[in-house]
There are 4 protein chains.
Amino acid sequence: MLNRAVLLGRLTKDPEMRYTPSGTAVTTFTLAIDRRMTNQQGERETDFLPIVVWSKLAELCAQYLKKGQQAAVEGRIQVRNYENKEGRRVYVTEIVAENVQFLSGGQGQGGEPSYAGGFDKPASSFGGSGGGGRSRDSFNDNPFADDQKPIDISDDDLPF
Amino acid sequence: MLNRAVLLGRLTKDPEMRYTPSGTAVTTFTLAIDRRMTNQQGERETDFLPIVVWSKLAELCAQYLKKGQQAAVEGRIQVRNYENKEGRRVYVTEIVAENVQFLSGGQGQGGEPSYAGGFDKPASSFGGSGGGGRSRDSFNDNPFADDQKPIDISDDDLPF
Amino acid sequence: MLNRAVLLGRLTKDPEMRYTPSGTAVTTFTLAIDRRMTNQQGERETDFLPIVVWSKLAELCAQYLKKGQQAAVEGRIQVRNYENKEGRRVYVTEIVAENVQFLSGGQGQGGEPSYAGGFDKPASSFGGSGGGGRSRDSFNDNPFADDQKPIDISDDDLPF
Amino acid sequence: MLNRAVLLGRLTKDPEMRYTPSGTAVTTFTLAIDRRMTNQQGERETDFLPIVVWSKLAELCAQYLKKGQQAAVEGRIQVRNYENKEGRRVYVTEIVAENVQFLSGGQGQGGEPSYAGGFDKPASSFGGSGGGGRSRDSFNDNPFADDQKPIDISDDDLPF
DNA sequence: TTTT
DNA sequence: TTTT
């Protein structure tokens with residue numbers, strides 16, 4: 001059903017990129033988004049929202065985004081849950097980015113603000129390595145991001 | 001900064017409405033949002049997203065929404081954190097609804113699909129009780145929802 | 001860059017589906033969206049927004065949507081311009097839908113509210129006819145909807 | 001009903017601010033939004049979307065936004081129609097901004113990227129002048145932007 | 001923990 | 001746990 005989020009904030013740290021066993025890139029970062037508006041009195045409040053990016057877009061984010069920079073993120077809200085070491089079920093809410101807009105505004109790395117759209121290339125350069133069975137990368141068969149399946153990734157695979 | 005979410009799903013239960021000590025209505029419910037699309041094979045996956053609604057809109061939601069019904073919600077993503085009984089800091093992500101669209105589709109309570117916009121009346125019917133100091137309800141002075149401040153509500157006040 | 005619209009309204013008529021010469025389905029309809037909110041006095045005001053849908057999603061919309069039904073549309077705002085018969089340049093603003101949610105609520109055609117996501121199948125069933133040159137359908141090579149190119153469709157091709 | 005747009009682009013010119021007879025500020029500008037994404041071949045395509053801003057937010061936009069700067073706009077899509085000099089009914093689609101995020105990135109006016117939220121002050125500083133009857137400014141009674149009524153503004157009032 |  |  002309909003599940004859409006659009007965010008604009010600053011990275012609290014450099015992004016972290018990892019690869020799933022099958023070779024898909026996954027990048028995560030946190031966006032700090034001020035709740036208060038300009039010229040408003042009162043203590044500033046901030047929401048810190050975790051962002052997850054997959055595939056080619058993950059590599060672009062890892063390459064171009066830096067701590068302190070502004071970015072606009074478009075995606076869907078996802079609730080993952082897993083069992084932690086103490087056997088408790090933990091729920092994690094994060095935004096799965098389908099598009100990311102790089103806005104400079106960091107500490108001088110300057111450059112052109114630019115856009116990294118979702119899945120603009122077949123993304124077939126990823127994975128590889130082979131391995132039998134239905135590869136986890138098979139979600140690339142359907143490049144529409146809503147169809148990504150980080151779901152059946154075992155706990156060890158999780159890069160965050 | 002920019003923080004916007006638009007969701008469409010079904011209520012997993014009837015909404016729950018409570019009042020803060022100062023008399024502001026707060027309604028909460030969970031929206032079940034299927035990730036999979038129509039005619040797509042494979043097991044269905046669902047995100048369960050907690051929704052919070054304040055003030056007059058809270059009362060309308062409590063009155064008209066029922067378990068199983070469809071609703072469209074527009075708002076912002078918020079991360080609350082509090083210390084639980086074990087002294088651990090717990091983070092809760094929820095969507096603070098500014099607009100809610102009632103879509104029937106439940107088990108026959110029928111009626112007209114209708115809309116409950118944000119703060120369409122001065123909402124002055126709330127609170128009251130008076131008392132000195134800056135009332136927690138003072139956020140009603142600025143009816144623009146981004147300005148709501150559930151933030152400084154003490155733990156005991158929290159209705160969920 | 002970022003260009004996102006989310007709409008929820010009712011179809012003013014049954015959708016119209018046509019095919020481009022190369023065989024891509026294009027469906028158009030208008031969504032009536034009330035500006036006023038429930039329980040608000042005053043004359044109701046309505047925006048009528050033209051929606052365009054391509055490819056497999058176009059076929060699903062043509063098949064399942066009917067006049068009077070509610071639908072949620074997610075897409076981007078596009079401004080097309082063309083020269084009309086009098087030699088005047090005309091600008092048309094429309095929403096290119098990437099996802100459509102079917103919500104019943106029409107005059108009893110009932111059925112399951114369902115979702116038609118963007119590009120969930122390779123959509124390779126379209127087009128055909130072959131022919132040389134760069135087929136207009138080649139946008140299907142990149143299934144991400146932002147990449148669709150209705151732009152270079154000649155005036156005669158336009159199905160609306 | 002639900003009608004939400006989120007845009008990120010660059011101003012094609014400096015904004016233009018005018019006042020309605022009753023003293024409400026109205027600012028208009030056009031946002032150029034590239035359709036193509038970074039690193040994609042092919043001619044760049046751009047949508048030019050007209051933005052309308054009212055009240056205090058209009059003044060902030062006129063003051064801080066300049067040609068070439070980036071801005072994020074959140075609002076609703078509106079279709080106005082009026083009769084032109086030749087007696088033809090003309091339809092104008094524009095985005096009524098409820099929030100605007102100023103992102104630098106122009107030609108060096110630098111400064112802090114900042115946010116101008118909707119209606120954060122009662123905006124009562126506008127209008128004035130008095131005059132009998134229901135002032136056009138009365139929409140300020142309900143500061144929620146969905147409630148703005150540019151609709152009954154006569155043609156002469158239109159600042160664009 | 002969940003809705004259809 | 002955090003960004004400006």
Round to a whole Å and report the spacing from CG of L65(A) to P of dT2(F). 21 Å
Describe the nucleic acid contact of Y91(B) in one word from base, sugar-phosphate, nothing, applying a heavy-atom distance below 4.0 Å. sugar-phosphate
Within the modelled atom types, does a donor on one side and an acceptor on the other bring the side chain of T46(A) and the base of dT3(F) under 3.5 Å apart? yes
Is there a donor-acceptor pair under 3.5 Å between the side chain of R18(B) and the backbone N or O of V26(B)? no
Write down the distance between CD (Q70(B)) and P (dT4(E)), rounded to a whole number of angstrom. 11 Å
Rounded distance in Å - CZ (F102(C)) to C1' (dT4(E)): 17 Å
In terms of side-chain heavy atoms of T30(B), which of dT3(F), dT2(E), dT3(E) is nearest? dT2(E)
Could you pull out all residues at least two apart from R88(A) that satisfy side-chain hydrogen bond (donor to acceptor under 3.5 Å, both in side chains)? none
Could you give the CZ-to-C1' distance, from R10(A) to dT1(F), as a whole number of Å? 19 Å
Closest to the R89(B) side chain: dT3(E), dT1(F), dT3(F)? dT1(F)
Between NZ of K13(A) and OG1 of T28(A), what distance do you get to the nearest 0.5 Å? 9.5 Å
Rounding to a whole Å, what distance do you find between K13(B):NZ and dT4(E):P? 13 Å
T46(B): partners by side-chain hydrogen bond (donor to acceptor under 3.5 Å, both in side chains), with sequence neighbours left out: D34(B)
Is the ring of F48(A) stacked on the base of dT2(F), with centres less than 5.5 Å apart and planes under 30° off? yes
Could you state the atom-to-atom distance from CG of D47(A) to P of dT2(F) in whole Å? 14 Å
Atom CG of L103(A) to atom C1' of dT3(F): distance rounded to whole Å? 14 Å
Specify the separation, in whole Å, of atom CG of L49(A) and atom C1' of dT2(F). 12 Å
